[in-house]
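Take a look at the structure set out below.
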Amino acid sequence: MPARRIPTISREEMEAARDAIVDRPGTPYGHRHLQKAADNPLELAQFIAEQHEVNPRQTLGSDVLDALTLLTYARRSVPALPAHLDSLELRLLRAGSATHPPVALRALGERVGLSTRQATRARILSLADADNRRKHPDGDLYALGSRASEQETQWMNQHGERLLRLAALLVDARDRATGDLSFELEQLGQTIAGIGSPPSGPHDHKRLTIAAARLRAMVLPELLAAEQRDFREDLGPLVKSLMELTEEHQAVAWQSL
């Protein structure tokens, strides 16, 4: 895991983050459910992660940031297995990257003791790798999705070719990207290289699942940054189409877990 210094969150800061989630105007969650989860900071942070997985379009970026504060408090103050805390941190970091608009990677990282976008990105990838190894100790590099449900396989059969085609179009335009986005598109290109067109069979579906996750957590947040506005406008409807496809895939994939 990337080196970091876990912030010390006081009880007052924890309570402020908790109250901000519960009392935030325009909250999309039922007040009764919030109050029930609010008694335990870890349960409330998990509630926010679960709500994102059920309905990602309704997730508020400010709630994800406050949930990460609750998680950081829990690391020092609430008895829990480190692996459970790491898994919850991964879910919240991914949720923050997928809100509308997405939370900046640096802002997400600051809540867990990281000071740069690069460190936050590395943390997400490291947590994902560790989580995958816990779930699939056989060591399969592409075990993520190796037990895909029939529903996810059906989704890939119906939409995988379009997802691959749009991802390839985005990769082909990487020369016009700048900064971190250029690097992320290069990594995406390596992920989709060798996938058949149309994608078929477990191996292609596994690699395309990883590509969808990379698009959702790494590429699209960078693409939606203010400095990429001109590039984004040049791409036209491609960006919106990729956002919709990766969100659909995420909703189906979560049902497989």
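Numbers for residues simply follow the sequence, beginning at 1.
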(request) Under the side-chain contact (heavy atoms from CB on, under 4.5 Å) rule, what do Leu92 and Val112 come out as? Steps first, then yes or no, please. (result) CA-CA 11 Å; Leu92 289 169; Val112 296; over 6 Å; no
(message) Does Arg162 form a side-chain contact (heavy atoms from CB on, under 4.5 Å) with Leu166? I'd like the steps, not just the answer.
(response) CA-CA 6 Å; Arg162 181 168 180 249; Leu166 295 181; 4.1 Å; yes
Rounded to the nearest 0.5 Å, what's the gap from [atom1] on [X] to [atom2] on [Y]? Could you check?
X	Y	atom1	atom2	answer
Asp63	Gln58	CG	CD	11.5 Å
Glu186	Leu188	CD	CG	11.0 Å
Thr178	Asp230	OG1	CG	9.5 Å
Leu42	Ser77	CG	OG	11.0 Å
Phe231	Leu181	CZ	CG	6.0 Å
Leu88	Glu50	CG	CD	9.0 Å

Return the set of residues passing salt bridge (charged side-chain N to carboxylate O under 4.0 Å, His left out) with [X] (not counting sequence neighbours), or none when no residue passes.
X	result
Arg75	Asp86, Glu89
Arg229	Glu233
Glu227	Arg117
Arg11	Glu15

Just so I know, are the side chains of [X] and [Y] near enough to count as touching, which here means a heavy-atom distance under 4.5 Å?
X	Y	value
Asp204	Leu164	no
Leu114	Arg121	no
Thr69	Met14	no
Gln46	His84	yes
Leu105	Ile124	yes
Leu242	Leu223	no
Val239	Leu224	yes
Thr209	Glu152	yes

(message) Could you go through Leu163 and Leu215, starting from their C-alpha distance and side-chain angles, then the distance that decides it, and tell me whether this counts as side-chain contact (heavy atoms from CB on, under 4.5 Å)?
(response) CA-CA 10 Å; Leu163 176 59; Leu215 274 162; 4.1 Å; yes
For the hydrophobic clusters of this structure (ILVMFWY residues joined by side-chain heavy atoms under 4.5 Å, transitively), does one cluster hold both [X] and [Y]?
X	Y	value
Ile6	Leu108	no
Leu71	Leu60	no
Leu185	Phe183	no

(message) List the residues meeting ring pair (Phe, Tyr, Trp, His ring centres under 6.0 Å) with His159, not counting sequence neighbours, and say none if there are none.
(response)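 Checked His159 against ring pair (Phe, Tyr, Trp, His ring centres under 6.0 Å); matches are Trp155.
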(message) Any carboxylate oxygen within less than 4.0 angstrom of a Lys/Arg side-chain nitrogen, looking at Asp66 and Arg18?
(response) no
(message) What I want to find out is whether Arg174 reaches Glu184 closely enough, with some N-O distance under 4.0 Å, to be called a salt bridge.
(response)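 Here Arg174 does not pair with Glu184 in a salt bridge, since their nearest N and O are not under 4.0 Å apart.
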(request) Decide yes or no on side-chain contact (heavy atoms from CB on, under 4.5 Å) for Ile48 and Arg91, but give the supporting numbers first. (result) CA-CA 10 Å; Ile48 296 301; Arg91 293 164 67 191; over 6 Å; no
Verify, without hydrogens or angle tests, whether [X] (side chain) and [Y] (backbone) share a donor-acceptor contact under 3.5 angstrom.
X	Y	result
Thr246	Arg216	no
Glu13	Ser10	yes
Ser97	Leu93	yes

(request) Please list, chain by chain and in numerical order, all residues satisfying side-chain contact (heavy atoms from CB on, under 4.5 Å) with Glu110, sequence neighbours excluded. (result)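 With neighbours one apart ignored, the set is Arg106.
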